[in-house]
Amino acid sequence: YVLAFNISSWPMSVIGQVVRSVSLAGFSHPSRQQRDGDLAPALSLTWAVAVPIGVLLAALAHPLVVLLYGQRWSASATVLAALGLFGALRVVLDLAATYLMARGAARPVLYVQVLWFVTLIPAVVLATHWKGIAGAGWAHVAVSVAVTVPAYAVALSRVGTRPRSLLAAMWLPAVAALPTWWVAHTAANQVEQPLLALLLGGVLGSLTYIA
């Protein structure tokens with residue numbers, strides 16, 4: 001589980017840290033304080049980049065884990081199949097939190113974080129009893145989608161950001177994620193050698209997402 005979680009943090013490390021370093025200053029700029037539409041284009045671009053990384057991590061979980069850690073750790077691939085998606089969600093949730101803090105709404109961010117944490121504990125416990133460590137990974141995805149995203153949407157609406165504009169910024173990459181996952185996963189399963197499976201699945205999945 002720890003190995004899978006570390007890999008799932010790649011989108012946050014690659015994209016999230018870069019976005020965070022510039023987004024707070026950008027959102028806080030005095031000339032932008034009254035522009036409620038600033039979040040939508042930033043979210044659109046960030047989400048469009050985070051989705052293929054997270055989806056490909058999930059789709060290519062088995063060959064990636066085997067290549068990095070060896071066959072003995074292949075059981076963590078079932079966890080990465082879920083946590084890869086969670087890694088993409090973390091990027092946009094962090095962007096939403098940064099935007100709220102830039103708008104002077106740090107307290108709602110704290111409330112959402114507490115709600116997220118409190119909800120996640122029983123979800124992980126129940127899901128782990130049900131499906132083992134893979135269930136723990138899917139609990140992260142379920143709580144993020146069902147609780148954290150709506151909570152941030154409410155908080156953002158209170159600072160003047162319309163949820164509809166955020167949905168418009170996110171729907172297309174989300175839809176594109178489905179065929180991307182299928183193509184990458186199917187292609188990788190045709191090859192036994194992990195490196196070749198990663199290359200084949202990664203290239204075909206990326207082309208599908210771009211298309």
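Below, all heavy atoms of this structure are taken into account, side chains as well, without hydrogens, waters or symmetry copies.
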Please name all residues satisfying side-chain contact (heavy atoms from CB on, under 4.5 Å) with [X], sequence neighbours left out, ordered by chain then number.
{"X": "Val114", "result": "Leu110, Val118"}
{"X": "Leu199", "result": "Leu195"}
{"X": "Trp130", "result": "none"}

What are the two closest heavy atoms between [X] and [Y], and how far apart are they?
{"X": "Val159", "Y": "Ala105", "value": "CG1-CB, 4.0 Å"}
{"X": "Val183", "Y": "Gly205", "value": "CG1-N, 4.2 Å"}
{"X": "Ala169", "Y": "Ala40", "value": "CB-O, 3.6 Å"}
{"X": "Ala153", "Y": "Pro163", "value": "O-CG, 4.4 Å"}
{"X": "Val109", "Y": "Ala97", "value": "CG2-O, 3.7 Å"}
{"X": "Ala187", "Y": "Gly201", "value": "CB-CA, 4.1 Å"}

Table please: side-chain donor-acceptor pairs of residues 59-88 below 3.5 Å, with sequence neighbours left out.
residue, atom, partner, partner atom, Å
Gln71, NE2, Ser74, OG, 3.4
Ser74, OG, Gln71, O, 3.0
Ser76, OG, Trp73, O, 2.8
Thr78, OG1, Ala75, O, 2.9

Atom [atom1] of [X] and atom [atom2] of [Y]: how far apart are they, to the nearest 0.5 Å?
{"X": "Arg103", "Y": "Leu39", "atom1": "CZ", "atom2": "CG", "value": "10.0 Å"}
{"X": "Leu120", "Y": "Thr148", "atom1": "CG", "atom2": "OG1", "value": "8.0 Å"}
{"X": "Met12", "Y": "Asp94", "atom1": "CE", "atom2": "CG", "value": "3.5 Å"}
{"X": "Leu204", "Y": "Thr180", "atom1": "CG", "atom2": "OG1", "value": "11.0 Å"}
{"X": "Arg90", "Y": "His140", "atom1": "CZ", "atom2": "NE2", "value": "9.0 Å"}

Note, [X] side chain near [Y] side chain (heavy atom, < 4.5 Å):
{"X": "Tyr209", "Y": "Pro179", "result": "no"}
{"X": "Ile15", "Y": "Trp10", "result": "no"}
{"X": "Leu56", "Y": "Trp181", "result": "no"}
{"X": "Leu57", "Y": "Pro11", "result": "yes"}
{"X": "Met101", "Y": "Phe27", "result": "no"}
{"X": "Tyr152", "Y": "Leu93", "result": "yes"}

Tell me whether [X] shares a hydrophobic cluster with [Y], the cluster being built from Ile, Leu, Val, Met, Phe, Trp, Tyr side chains joined at under 4.5 Å.
{"X": "Val145", "Y": "Val91", "result": "yes"}
{"X": "Trp182", "Y": "Val203", "result": "no"}
{"X": "Val92", "Y": "Leu115", "result": "yes"}

Could you list who else is in Trp171's hydrophobic cluster, with ILVMFWY side chains joined at under 4.5 Å, directly or through other members?
->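 For the cluster that includes Trp171, the remaining residues are Leu172, Val175.
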Are the side chain of Ser206 and the backbone of Gly202 linked by a donor-acceptor contact shorter than 3.5 Å?
->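 The answer is yes, because a donor-acceptor pair under 3.5 Å joins these two groups.
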Would you confirm whether Thr119, through its side chain, and Trp116, through its main-chain N or O, come within 3.5 Å as a donor-acceptor pair?
->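 Pair absent, no side-chain N/O of Thr119 close to backbone of Trp116.
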Which donor-acceptor pairs under 3.5 Å do side chains of residues 42-52 form with protein atoms, sequence neighbours excluded?
residue, atom, partner, partner atom, Å
Thr46, OG1, Ala42, O, 2.8
Trp47, NE1, Met170, O, 2.9

